[in-house]
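What follows is one structure encoded as structure tokens, with my remarks underneath.
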Amino acid sequence: MIDEDLKAGKNDGRVHTRFPPEPNGYLHIGHAKSICLNFGIAADYNGMCNLRFDDTDPSKEEVEYVDSIKQNVRWLGFDWADREYYASDYFEQLYAYAVQLIKAGKAYVDSLSAKEIRQYRGTLTEPGRNSPYRDRSVAENLNLFERMRAGEFADGEHVLRAKIDMASPNIVLRDPTLYRIKKVAHYRTGARWCIYPMYDFTHCLSDSIERITHSLCTLEFEINRALYDWVLDNLEVECHPQQIEFARLNLSHTVLSKRKLIQLVEKGHVKGWNDPRMPTISGLQRRGYTPESIRNFCERIGVAKADSMVDIALLEYCIREDLNLRAPRVMGVLRPLRVVIDNYPPDQVEELEAINNPEDPSTGTRKVPFSRELYIEKDDFMEDPPKKFFRLAPGREVRLRYAYFIKCVKVVKDPQSGEVTALHCTYDPATRGGSAPDGRKVKATLHWVSAPHALAAEVRLYDHLFIKENPNEVEEGRDFTHYLNPHSLEILKDCRVEPSLAGTAPGRRYQFERLGYFCVDAVDSFPAKPVFNRTVTLRDTWAKIQKARPK
RNA sequence: UGAGGGAUCGUCUAGCGGCAGGACGACGGGUUCUGGCCCCGUUAACCUAGGUUCGAAUCCUAGUCCCUCAGCCA
């Protein structure tokens with residue numbers, strides 16, 4: 001990519017990147033873009049990519065997040081070997097660098113309050129003013145900084161700042177804070193430290209320590225690049241990595257900011273970080289997404305410097321494309337409608353042969369039991385069918401997949417509600433296996449299960465988390481949760497699936513023919529009562545026709 | 001308003017002075033024992049205005065619009 005020119009001699013041809021998450025939340029699909037980019041570029045140029053936790057704010061970071069991040073990156077298919085680093089492991093070195101800066105007269109201890117510092121900083125258009133403490137002697141700064149570390153002061157009493165230029169048009173350069181006092185235990189260093197370095201000081205030096213060549217980050221850090229370079233230019237370092245920015249991912253119908261995701265979790269709008277509706281890696285995994293489909297998605301969206309909003313339809317396309325090739329087909333009925341085949345012998349059961357995956361003949365076939373009593377999908381019958389409805393209707397003949405042609409002869413309704421409760425049909429024995437010897441055609445093929453043989457199952461149907469394409473764009477007085485989709489989860493407790501699904505394992509993925517791709521829930525599914533998550537529907541032309549002309 | 005960035009089909013993205021291409025979506029058709037897959041086709045874009053040039057999405061000038069920054073978060 002952009003690296004091609006840089007490879008012309010620089011870094012003696014070495015390419016070394018890193019993925020630097022802060023362990024203060026779960027990773028989401030936007031991070032997947034960064035992961036694929038960083039590990040991908042390293043792989044492309046025969047280089048390496050480190051995993052580094054940017055853990056310099058102990059008040060927000062936890063091991064739970066570290067563990068989930070490691071699991072997610074691994075699941076996505078990337079390997080950082082033994083290069084698992086933590087900024088917190090560099091605290092001692094970072095401290096020494098800070099002392100070096102003080103000695104060079106390029107950093108000072110400021111004793112202004114946070115509020116005062118803000119006032120002194122100026123605004124976007126007006127320059128800031130120097131802090132009255134800006135000209136403390138090197139010795140005094142050294143002494144104060146040492147005592148900050150020793151815990152002699154309370155939070156906020158002092159900070160260490162770089163001495164750059166309070167009048168800089170770039171606000172980031174107006175004597176940025178380098179260290180603050182935070183008497184909070186760190187999940188890794190415990191109580192060893194009570195001062196913690198800031199991002200701008202930590203990140204560039206961590207990159208340098210690890211001899212990173214290309215430091216890829218998102219657009220909002222563009223303005224920080226000047227500081228990234230200033231720190232490295234004003235310290236004796238062996239390696240000065242190049243920071244390169246790219247646009248973060250925005251996905252339609254969801255949110256991708258940690259702040260908002262954490263809010264969805266904490267306010268109970270979803271059931272947790274791994275709720276299948278969440279755009280988190282854990283959520284997508286539980287939903288049934290494959291690592292391959294996510295990597296492929298990241299490849300397709302590309303990398304650029306312009307803000308963009310990727311249509312979630314592309315993500316859905318990617319998972320369908322992958323699962324179409326590898327998911328075994330099965331039959332399952334979501335909303336069962338009882339069908340009695342009047343002319344089928346009451347005690348007879350036949351084992352019919354069904355293809356496991358037409359895209360992959362090597363997966364062979366299986367047997368599916370057929371009997372006099374079946375279930376079909378409620379949506380596959382209409383008493384009064386509109387023009388383009390090809391499925392079952394009174395007097396109409398359709399095919400039951402891999403089974404027989406059946407014709408609807410009678411509709412049973414609930415006398416009270418008028419709701420259709422069962423259908424009586426006749427079958428044509430000559431159409432066994434699904435084809436008519438006389439060449440007769442039917443316009444539809446339905447999926448079905450044998451009532452006495454079927455397994456009961458729970459199925460969870462998921463839809464977009466948000467109604468609005470961009471929930472970040474809010475009207476006056478509203479917040480993004482206002483656009484939550486009330487139908488993002490529909491639980492169906494009385495579904496029936498074919499018996500071959502008995503004993504299936506958590507995480508297994510299937511295509512329920514004509515419906516979509518489903519995966520056995522990793523948390524709530526048990527052999528006695530399997531639970532399936534709908535990963536994504538199949539493309540559905542009939543649904544589109546219905547949507548096009550609403551009644 | 002200061003500084004730093006960015007603008008190409010509805011969406012994402014190629015292009016590096018020489019026919020604006022691909023993918024997703026949408027629409028239409030073919031095929032089909034999944035209204036799936038697959039195949040074919042249609043739709044549709046260079047932010048604006050000048051300039052340089054035989055020739056500009058690309059180079060220059062001036063504008064317009066959008067994003068980021070005033071945390072002791074990252």
Side-chain angles (χ1 to χ4, degrees), chain A residues 20-22 24 54-57 59-61 110 112-115 117-119 121-128 155-161 168-174 176-182 195-196 198-200 202-203 217-226 245 247 249 252 258-259 300-318 320-321 324-325 329 331 354-355 358-359 388-391 398-403 405 431 433-436 441-447 469 511-517 537-545:
Chain A
E22 183 191 10
N24 68 345
D54 213 340
D55 51 358
T56 57
D57 183 359
S59 59
K60 292 181 186 162
E61 297 150 5
D110 197 357
L112 251 25
S113 70
K115 192 179 167 196
I117 286 182
R118 197 176 310 128
Q119 286 162 347
R121 186 156 33 223
T123 68
L124 292 178
T125 47
E126 306 154 36
D155 287 15
E157 236 177 288
H158 307 285
V159 290
L160 182 73
R161 300 178 69 179
S168 172
N170 180 349
I171 290 200
V172 170
L173 260 17
R174 316 240 259 236
T177 304
L178 267 22
Y179 268 88
R180 75 285 213 192
I181 300 170
K182 239 179 211 222
I195 56 171
Y196 294 94
M198 299 286 291
Y199 165 83
D200 286 305
T202 310
H203 202 90
C217 66
T218 43
L219 247 32
E220 67 269 26
F221 292 101
E222 216 156 13
I223 197 94
N224 298 56
R225 191 174 61 225
E245 306 83 13
L249 171 67
S252 71
K258 273 190 194 171
R259 210 202 97 242
R300 279 167 185 267
I301 57 176
V303 181
K305 274 194 87 168
D307 299 305
S308 62
M309 168 74 67
V310 175
D311 193 334
I312 200 164
L314 183 62
L315 217 211
E316 295 173 346
Y317 172 84
C318 289
R320 284 192 191 108
E321 183 188 45
N324 174 49
L325 263 20
R329 319 281 130 129
M331 291 196 284
I355 293 166
E359 304 292 330
K388 287 187 176 166
F389 185 85
F390 303 144
R391 284 107 97 140
V398 297
R399 168 169 41 235
L400 293 180
R401 180 134 231 228
Y402 301 124
F405 283 15
T431 57
S435 50
K441 298 276 186 224
V442 288
K443 292 191 87 173
T445 300
L446 271 38
H447 60 277
E469 179 176 315
Q511 182 195 108
F512 284 12
E513 293 217 31
R514 305 209 304 133
L515 296 174
Y517 296 98
T537 62
L538 249 29
R539 271 187 68 221
D540 189 346
T541 357
W542 170 237
K544 235 185 273 178
I545 291 167

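Remember, predicted model here, so these are calculated numbers, not experimental data.
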**OP:** Please determine, for the side chain of A/M198, which listed nucleotide (B/U1, B/A23, B/A74) has the closest atom?
**Re:** B/A74
Original post:
Of the nucleotides B/C72, B/G2, B/G25, which has the atom closest to the A/L124 side chain?
Top reply: B/G2
Interface polar pairs with nucleotides 4-7 of chain B, N/O, under 3.5 angstrom:
| residue | atom | partner | partner atom | Å |
| --- | --- | --- | --- | --- |
| B/G5 | O2' | A/E222 | OE1 | 3.0 |
| B/G5 | O2' | A/E222 | OE2 | 3.1 |

Original post:
Across the strands shown, which category fits A/A114 at heavy-atom distances under 4.0 angstrom: base, sugar-phosphate, nothing?
Top reply: base
Original post:
Under 4.0 Å between a side-chain N or O of A/K182 and OP1 or OP2 of B/C73?
Top reply: yes
**OP:** Measure the distance from OH on A/Y317 to P on B/G22 and round it to the nearest whole Å.
**Re:** 15 Å
Subject >> Base-pairing string, 5' to 3', of RNA chain B - Watson-Crick or wobble, under 3.5 Å, | interstrand >> reply: .((((((..((((....[..)))).(((((.......)))))....(((((..]....))))))))))).....
Original post:
Expressed in angstrom and rounded to an integer, what is the separation of A/D57 atom CG from B/A74 atom C1'?
Top reply: 8 Å
Subject >> A/F221 CZ - B/C73 P separation (whole Å) >> reply: 14 Å
All N/O contacts under 3.5 Å from nucleotides 34-37 of chain B to the protein, with atom names and distances to one decimal?
| residue | atom | partner | partner atom | Å |
| --- | --- | --- | --- | --- |
| B/U34 | N1 | A/E513 | OE1 | 3.4 |
| B/U34 | O2 | A/Q511 | OE1 | 3.0 |
| B/U34 | O2 | A/R514 | N | 2.8 |
| B/U34 | N3 | A/Q511 | OE1 | 2.6 |
| B/U34 | O4 | A/R329 | NH1 | 2.4 |
| B/G35 | OP1 | A/R514 | NH1 | 2.7 |
| B/G35 | O3' | A/T541 | OG1 | 2.8 |
| B/G35 | O2' | A/T541 | N | 3.3 |
| B/G35 | O2' | A/T541 | OG1 | 3.0 |
| B/G35 | N7 | A/R391 | NH1 | 2.5 |
| B/G35 | O6 | A/F390 | N | 2.9 |
| B/G35 | N1 | A/K388 | O | 2.8 |
| B/G35 | N2 | A/K388 | O | 3.4 |
| B/G36 | OP1 | A/T541 | OG1 | 3.0 |
| B/G36 | N2 | A/E359 | OE2 | 2.9 |
| B/C37 | OP2 | A/R539 | NH1 | 3.0 |
| B/C37 | O2' | A/N324 | ND2 | 2.9 |
| B/C37 | O2' | A/E359 | OE2 | 3.1 |

Subject >> Out of B/C12, B/C24, B/C72, whichever nucleotide has its closest atom nearest the side chain of A/V310 >> reply: B/C12
Subject >> Spacing of the C1' atoms in B/A57 and B/C47 (rounded, Å) >> reply: 12 Å
Original post:
With a 4.0 Å cut-off on heavy atoms, is A/Y196 in touch with a base, just the backbone sugar-phosphate, or nothing at all?
Top reply: nothing
Original post:
Tell me: CD of A/E316 to C1' of B/A23, nearest whole Å?
Top reply: 16 Å
Original post:
Base, sugar-phosphate, or nothing for A/N224, non-hydrogen atoms under 4.0 angstrom?
Top reply: base
**OP:** Starting from C1' on B/U31, measure out to NZ on A/K441 and report it in whole angstrom.
**Re:** 12 Å
Original post:
Would you call A/E222-A/K305 a salt bridge at under 4.0 Å N-O?
Top reply: yes
Original post:
The side chain of A/K60 lies closest to which of these nucleotides: B/G25, B/C69, B/C73?
Top reply: B/C73
Original post:
A/R300 side chain N/O closer than 4.0 Å to the phosphate oxygens (OP1, OP2) of B/U11?
Top reply: no
Original post:
Pick one: which of A/R514, A/E513, A/R329, A/R401 meets side chain to side chain donor-acceptor pair (under 3.5 Å) with A/H447?
Top reply: A/R514
**OP:** Look at the side-chain N and O atoms of A/K544 and state whether any lies under 4.0 Å from the OP1 or OP2 oxygen of B/C27.
**Re:** yes
**OP:** Just compare B/U68, B/C12, B/C24 and give me whichever is closest to any side-chain atom of A/E220.
**Re:** B/U68
Original post:
Is any side-chain N or O of A/T56 closer than 4.0 Å to OP1 or OP2 of B/A74?
Top reply: yes
